[in-house]
Amino acid sequence: MDTLTLRRPDDWHLHLRDGAMLAGIAPESARHFARAIIMPNLVPPVVIGAQAAAYRDRIRAALPEGSAFTPLMTLYLTEQTDPADVVRAHREGIITAVKLYPAGATTNSASGVRDFDKVRGVLEAMAEAGIPLCVHGEVVDSDIDIFDREAVFIDRVLDPLRRRTPGLRVVMEHITTRQGVDYAASGGPDLGATITTHHLVINRNAILVGGIKPHYYCLPVAKREEHRLALRKAATSGNPSYFLGTDSAPHIDPLKENACGCAGCFTATNTLSILAEVFELEAALDRLEAFASLNGPAFYRLPPNEARITLTRGAPVSYPAKIATGDGPVTVFDPMMPLHWRVAD
């Protein structure tokens with residue numbers, strides 16, 4: 001096979017930032033994706049409907065002229081979140097979901113949740129209104145090894161939370177472990193999971209072997225090879241529980257390449273080429289459309305895109321090493337393997 005046509009894909013977990021960074025990197029996602037769930041962890045975070053509407057306007061203004069890209073907005077869940085504002089913003093079409101960050105779990109998560117009892121009313125209102133909760137699934141307790149945070153979160157937080165809130169629709173974002181894969185498949189139609197491009201490619205060796213490689217450092221951190229293989233098996237299975245969420249997260253190089261480098265891999269530019277390569281290696285090109293274009297809309301109760309894109313296979317594709325923004329350069333994720341698939345113009 002050297003030609004592959006898919007419904008235009010969506011990205012169900014994307015960071016676009018704001019200001020000069022937004023202007024520089026928004027076109028990278030808009031080039032290939034039709035829609036994206038936009039993360040709300042700005043500084044200050046997007047916590048009410050009016051802020052989400054204003055951020056959506058800024059994103060639209062940053063898109064290339066004629067772009068059909070649709071940002072799907074989220075609210076940042078805090079212990080002060082007003083259930084009525086959440087329901088109203090969803091009913092008015094301003095937001096698509098709400099994002100849960102445990103406080104301190106990742107970039108700009110200081111305003112996240114510490115006491116889950118304080119958000120129970122919001123979660124119950126969301127369950128009644130059918131509003132999905134997108135979960136960064138890690139505990140942040142100092143006594144828990146960073147490589148165990150996801151598995152412990154499932155047992156200590158996520159499973160009890162779902163049992164206490166029947167009907168709550170949950171997306172386990174950027175799962176990184178075999179335990180995450182297994183739990184997502186066991187939860188029925190109200191539970192889904194996104195898998196990133198980079199977690200299909202790297203394990204923790206990519207970060208640590210031969211010196212620290214800051215552009216492979218992300219949160220949740222990449223795990224052992226057995227977990228990467230479990231993710232690849234899940235993503236390429238066709239199972240509707242799993243869908244694409246790149247978690248493409250731009251940081252300028254000076255903030256990545258320092259003594260306390262930021263977490264995040266920027267994959268918006270070359271994700272589709274990487275995915276096609278991975279799915280081909282797994283003899284699963286016939287299931288790429290399900291992962292990238294069908295399973296996500298089905299979970300979010302949205303129609304799949306009618307527009308199509310075509311990928312062609314040929315000589316290795318070259319992508320820019322960096323994307324220039326008004327804030328500084330952003331390094332594009334290097335998958336450490338030749339990419340033979342490109343999106344046709």
Side-chain angles (χ1 to χ4, degrees), residues 12-19 22 36-59 71-142 144 149-150 152-154 156-165 167-174 191 194 219-220 245 247 249 262-264 300:
W12 299 99
H13 184 129
L14 179 64
H15 296 271
L16 288 179
R17 313 303 188 203
D18 212 345
L22 168 62
I37 288 281
I38 308 300
M39 293 297 103
N41 58 332
L42 304 181
V43 181
V46 178
V47 296
I48 62 172
Q51 292 170 339
Y55 185 29
R56 182 178 60 185
D57 289 344
R58 298 196 299 276
I59 294 169
L72 304 175
M73 309 309 294
T74 62
L75 292 181
Y76 187 122
L77 182 64
T78 75
E79 294 173 7
Q80 292 75 44
T81 294
D82 179 2
D85 180 69
V86 172
V87 173
R88 181 170 54 251
H90 184 262
R91 185 176 61 245
E92 294 175 357
I94 296 171
I95 66 163
T96 299
V98 172
K99 178 62 184 275
L100 166 62
Y101 291 102
T106 189
T107 303
N108 300 338
S109 62
S111 300
V113 176
R114 288 182 169 82
D115 184 348
F116 285 87
D117 285 337
K118 292 183 178 179
V119 297
R120 184 173 297 181
V122 180
L123 300 182
E124 291 172 350
M126 289 172 58
E128 183 175 351
I131 305 170
L133 178 71
C134 299
V135 175
H136 182 112
E138 293 187 289
V139 296
V140 295
D141 308 59
S142 60
I144 302 299
R149 284 178 168 187
E150 182 175 295
V152 173
F153 182 88
I154 292 169
R156 288 189 183 176
V157 180
L158 181 57
D159 192 63
L161 182 152
R162 293 181 61 238
R163 292 179 186 278
R164 287 197 304 266
T165 320
L168 181 66
R169 306 182 65 242
V170 174
V171 179
M172 300 170 64
E173 296 200 299
H174 45 48
L191 184 66
T194 60
L219 287 174
D247 194 17
C262 294
Y300 277 94

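The figures here come from the full heavy-atom set of this structure, side chains too, leaving out hydrogens, waters and symmetry mates. Values in this document were obtained by computation on a predicted structure and should not be read as measured data.
The structure places CG of L42 at 10.5 Å from OH of Y76, a figure rounded to the nearest 0.5 Å. One distance of note links CG of L133 with OG1 of T165; it measures 9.0 Å at 0.5 Å rounding. The CH2 atom of W12 sits 15.5 Å away from the CG atom of D247 when rounded to the nearest 0.5 Å.
Not counting sequence neighbours, the partners of R58 by the side-chain hydrogen bond (donor to acceptor under 3.5 Å, both in side chains) test are D18. Not counting sequence neighbours, the partners of H15 by the ring pair (Phe, Tyr, Trp, His ring centres under 6.0 Å) test are H13. With sequence neighbours excluded, no residue satisfies salt bridge (Lys or Arg N to Asp or Glu O under 4.0 Å) with E150. In terms of the side-chain contact (heavy atoms from CB on, under 4.5 Å) criterion, residue partners of T96 (sequence neighbours excluded) are, by chain and number, I37, L72, Y300.
Counting only residues at least two apart or on different chains, no salt bridge (Lys or Arg N to Asp or Glu O under 4.0 Å) pair has a member in residues 122-136.
Closest approach of H136 and Y101 over heavy atoms only: CB-CD2, 4.1 Å. Taking each heavy atom of I94 and R56 in turn, the nearest pair found is CA-NH1, 3.7 Å. Listed here is the closest heavy atom pair of D141 and R156: OD2-NH1, 3.9 Å. Counting all heavy atoms, side chain and backbone alike, V140 lies closest to A103 at CG2-O, 3.4 Å. For the pair I131 and A97, the tightest heavy-atom approach, listed with the atom from each and the gap, is CG2-CA, 4.1 Å. Considering all non-hydrogen atoms of both residues, A52 and L75 come closest at CB-CD2, 3.9 Å.
Y55 is listed as a side-chain neighbour of L16, based on a closest heavy-atom distance under 4.5 Å. Annotation: side chain of F116 is not in contact with side chain of P160 (no heavy-atom distance under 4.5 Å). Contact check for V46 versus T74: no side-chain heavy atoms found under the 4.5 Å cut-off. At least one side-chain heavy atom of L168 sits under 4.5 Å from a side-chain heavy atom of M126. For the pair M172 and V135, the minimum side-chain heavy-atom distance is 4.5 Å or more. At a threshold of 4.5 Å between non-hydrogen side-chain atoms, the residues P40 and M73 do not count as touching. Annotation: side chain of R164 is not in contact with side chain of L123 (no heavy-atom distance under 4.5 Å). V98 is not listed as a side-chain neighbour of V122, based on a closest heavy-atom distance of 4.5 Å or more.
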Going by atom type alone, with no hydrogens or angles, which donor-acceptor pairs under 3.5 Å involve a side-chain atom of residues 77-86 and a protein atom two or more places apart or on another chain?
from : atom 1 : to   : atom 2 : distance (Å)
T78  : OG1    : Q80  : N      : 3.1
T78  : OG1    : T81  : N      : 3.3
T78  : OG1    : T81  : OG1    : 3.3
E79  : OE2    : R114 : N      : 2.8
E79  : OE2    : D115 : N      : 2.8
T81  : OG1    : T78  : N      : 2.9
T81  : OG1    : T78  : O      : 3.2
D82  : OD1    : A84  : N      : 3.0
D85  : OD1    : R88  : NH2    : 3.4
D85  : OD2    : G49  : N      : 3.0

Fill in: Step-by-step side chain to side chain contact (heavy atoms under 4.5 Å, CB included) determination, T194 to E173
CA-CA 5 Å; T194 60; E173 296 200 299; 3.8 Å; yes

